[in-house]
Amino acid sequence: MLQTIGRLFRATPVHCLICGREVREDGGTSALPVHHRQVRAVLRQLCLACEEAVPWITSAVCRICGRPEACPDCIRRKARQVRFTRCAVRYDATMREWLAGYKYRGDERLEPLLSAMLACGYERLLDGLANAFQPDAASVITAVPLAGERMAERGFNQAECMARQLAGWYGIPYVALLRRKRHTERQSLKSRDRRLADMIDNFAADNAAIHKLRALAHRMRRDIRIVLVDDIYTTGSTMNACAAALVEAWNMEEVAQSASRHCKLAVYGLAWARS
Amino acid sequence: MKATLYAIHRTSGWEARLSVDWPTDRLYWTSADFRREAESGWREGGPASGDHEGAGRNPDAGRDVQAGATGHAGCYPAQWEQLLWLKRQIPLGRAEAACAKLSGIKQHTRGMRWQTAWLAMAEEVFAGTEKLADAETPVVGRIRSGASANGSVGGQAEDACNHGLWGREDVREMGKRARLLAERLRGRNLLLPEVAALCQVDASACLPLLQLASLLGGLKLAAAVSTENRKRPFGGWGRRNGPTLRCRRCGSGDALMRRTACATCGSVRCAYCEACLSMGRARECGLLVIGLPCAGYLQLSGIDMDPAQVASRWGLNAPQQEAALAALRFMVRPPKPVRQRPRWKWGIGFGRNRCRPAAGTATRSFLFWAVTGAGKTEMIFPLLAIVIAAGGRAAVATPRRDVVLELAPRLAAAFPEVRRVVLHGGSGDRFASGALTIATTHQLMRFREAFDLVVMDEVDAFPYHNNPMLHHAAAQALAQDGFAVLLSATPSPELQRRVRLGVLPCARVAVRYHRHPLPVPRRLILPPLQRWLSGQTPALPAKLLGVLQHSVRRGAQTFLFVPYIRQVEPLVRLLREHAAALDIAPASIDGTSSRDPARMRKVADFRERTIRLLVTTTILERGVTIPRSDIVVLEADNPLFDAAALVQMAGRAGRSAADPAGFVHFAASAWTRSQREACRQIRAMNAYARKRGELVAASGRKGGDRPCFKP
C-alpha cells in the first residue's frame, strides 16, 4: 500500500538505455571520463552495471593511435597522414554487442549514448593536442563516408550521426568532406593486408567543400584542423586513406590559391572503439 | 525504399495503385502480350489442382483461395483508358498514404473531380517544387490507350518496348517464378531482406517478381509501418487527431515508433518500430510482403473420436483425458456464425466497439487451466494429432527458447512421421515449412494466417504478460476459423474473467498426474532479507536454518527463491558458512540467475543431486522438475512476486509420485495480498479436485510431519 502511494509521488523513472532496468539516481557514483555537462547527462542514463561495463580508454599508451597498450602497428607504418588518433573505448564483447545493436540492428535509440561515449575520446584528443603544443587552429568535424549501397541498406551512416551529435555538443561545425569512390566489401571480413590494399584510393574529397574551407582558413589566417570520425579503428587504413584524400585535395587547391600557402591542414582521427 | 504512385482509369473508374517496380507495372497494364505471357507462366508455376489443398479442406473455401490466386485474370477485360504516374519515386509509406487518400475520393463526375484531386495530391507530394498546370507536366507521366473495344491492343509504343526488352519466354519464365515465390510465401509475413534471404538473391532482384505476383493477386505488398488517419468522434475532445502509425508486423502503435532520418527513402522523419526491432527493422519505407493465407476452413466435424483410444494412445489419465476430450469436442463443433455488433451510425463508441479486432482475432480459443505438474504437454498431443491428420497445420508457441529446445524432441517422439519445423532466434531452417511448427512466440510474427491450431504455452508468463505484441503475433499467425489453445497454470485475472463470463471455454485440470493435492504454502515470518544478509555481520535466521535442516534431513533438494540477482551471491556465501550445520558439503550449495553463464550446467547438477541447495531468481520458476524438492521463497512480500509467480514457485514442490508432498514456505515479514491470493488459488484447486473425487485417498499430511523450527 505504502509502495503504491509512494510510486505516485516519485519522479518519472529513467530506464537504462541498454538493459532497460530502472536507473537509481543515488546509484551513479562511478567516475565518468568526460567533462561536458550534456554528455554526462546522457551517460547518466545508463544503470550502474552497464556503466561499469564500459572499458574506457582513459590514457593512451600509443600516442599515435590511442591504443591502451604498446602498439606494433604504428611502428611498422612508415607514412601516415593522420597526426594522431584517440579512441573512446576498447572494443570488447560488450562494446561489440552495443555497436551491433546500433549499426546492424538499427536501434537508433542508442545514438546519443554512443555519441556521448565518443565525446570521451574527443576530450582525450583535446588533451593530446594541449600536450603536443599544437598551435591554435580552427576545427571542423567530418566522418568517414559509407558507400552508397551500404547507406541505402542501413539507412544511416553511424559515424556521421555520431559526429553530428558531437559537433552539436562541442560547438564545432560538421562538414561533409568525403565520399567513397567505389563499393568495397565489409572491412571486418578482410585480413590486414587486404584492408590496406583495398583502402588506397577509395576515398575522394569534395573539392567544393575543401575550397570553402581553404577560403575560410585564408580569411581567418589560421590553420585548419579536421577531426575525422569513425566507429572502429582496427588498422587505421581507412582513416589514413581518408586523410590522404583530404590532404591531397588541400594541396591541389594550394596551387590555385598561393596566397594562403601558409595555412596548414592537419587531420586528427577520432574513433569510438579501438580493437 | 521508394515506390511509384500511379493511377489507372478503367471501366470501373479511377484506381490509385503503387508499385515498387514501375517497369513491371507499366508493361503489365499497357502491353497485352506481356500480360498474357505472364499469366500463362503464372498458371504453369502453380501447384496442380487438388494437390496443394489438404484432404479435409472445405471445397468452397478452397475455390475461394484459388480465385484469389489468379487475381485479375477472371475480371480483366483490360479496358483502360489512361495511365497516370508520378515520374519521381516517393517514400513507400508516403505513397501508401497518398494511395489510400486517393482511393477514398468519390468518383461522380466522370473522373474529372478525381483527376483534380490527383493533381492536387501530386502537387502536395512534390511540395510545390514544380507548379503543375495539367497532367502533361514533367513530373506526371501519362499514357492514353489506343485500345479497341475488346482491349486486346495496347499502345503501339508499349508493345514495341515489350518486344525489345523481353522475349515471350522470358516473360513466361518470370510469371512462373513469381508464382513459385508466391507459393513459398503463403502464410508468411516477411520483410524484404527476409524474402531476399529466402530466395537467396539480392533484394533488388526480388522486386520485379514480387510486384508481378502482387499484380496477379498472389501476395500483398505493404509498408511495414502503416499510417492511418485517426478520426475521433467530436473532433477528439481535444485529443490529438491526425495520422497514427502502426507496425503491420507486431501491431505496436504510436508510442513505440521512433522517427529518424532515413537514407533509404530520403525522408527526414521515417518511422521505425522499436518493439519488434530484434526481428529485423520494420520501417515506414520498408516493404512487408504478406502472403496469401495457407489454409481455408478445416473440416474437422466428420472425424470420430473414441475416448478410450485417445487416452490409450497418448497415455493420459482420467482428468487429462477429460480435458483433452473437452477441447476436441470444442474443435469439432462447427463454428458459430459471427454476429455483427450493431454499429453506431454517427461514430460514437468506445474501446472495444471501435477498435474491432483485426482479421484472425475473432477466432476460437480454448483454455487449459491445469495446475503445475498436470502434464499439459501430453494433453495437447491429441489436438495436434487431429489437426495434422485432417491436413491442417499446427504450431506450438512457447515464450522461451529453452522450452522450444526441450519440447522439440518430445514432439518428435510423439509425431515421428510428421514434418516438423523448429524456429527460434538462431535456428537454421528459418523458411522451411511443415505440418508442425515449434517456435518461440516472437517467430510467429513472421506468419500470417498460416496455422489452423496455435498452442500457446504459459500465456501468463513473462514475455506474454503485458505484451500486446506477442498476442498480436499469435492472433495474426492463426488462420481464420483457426483454434487458439492457451495453456496456463495461473491464468491472468483477465482470462479468468473471460472464463467466468463464458466467453472463453476452458477445461480445468485441478490435479497432478500422480493425483495428490498440491502442497499448500506455509507462512514463515522472517525479518527482511536486507537486514540479515547485507549488514556488517550477516546471520542466517534460526527459523530458516531449521527449515533447511529439516529439508536436508528428509533427503530433499531445496529451491531458495530471491527477488533480485544481486542477492544470490551473498546468500550463497552465507549458506556455505552454515554448511556444517546443514550437514552437507559447501560445494553442494550454489546459486544461479539469468546472468550466470554456467546456468545450464548448474541446473543439470541440481537435477543430478550434486547440488542440494540452489539459490535462484524467478528464472527457474517454470519448467524445472526436480523429483524430491522443497521450496523457500525469501522476501515473498516483494512486489516482484505476484500471485502467479508465487503459485508457479510453489508448483516446483512435490512433482513426483514418490514424494508428492514437498514443503513450500513463503518467508517474509509481511503477509501480502499476492501471497494470500496464491494460497487461495492453490487451496481452491485442491478443493475443486477433491469435490470431483480426483484425488487419491486422504492426503497423509495433516500437521503430522511439520518441520521443526527449533534451531
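Numbers restart at 1 for each chain; the letters A, B, ... are given by sequence-line order, proteins then strands.
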Which atoms of B/Arg673 come close to chain A, meaning under 4.5 Å heavy atom to heavy atom: side chain ones, backbone ones, both, or neither?
neither
Closest heavy-atom pair, B/Arg281 versus A/Phe156, reported as atoms and distance to 0.1 Å, is NH2-CE2, 3.6 Å
Considering residues, nucleotides and ligands other than A/Arg90, do more than 12 of their heavy atoms fall under 6.0 Å from its CZ?
no
Tell me if the CZ atom of B/Arg531 is crowded by more than 12 foreign heavy atoms within 6.0 Å.
no
Quick one: of A/Gly101, A/Cys161, A/Gly106, A/Ala152, who has the most non-hydrogen atom pairs under 4.5 Å with chain B?
A/Gly106
Can you confirm whether B/Gln200 is buried at CD, in the sense that more than 12 heavy atoms of other residues, nucleotides or ligands lie under 6.0 Å from that atom?
no
With respect to chain B, which residue among A/Met151, A/Glu111, A/Arg109, A/Arg105 yields the maximal number of heavy-atom pairs within a distance under 4.5 Å?
A/Arg109
Heavy-atom cut-off 4.5 Å, strictly under: side chain, backbone, both or neither for B/Arg595 against chain A?
side chain
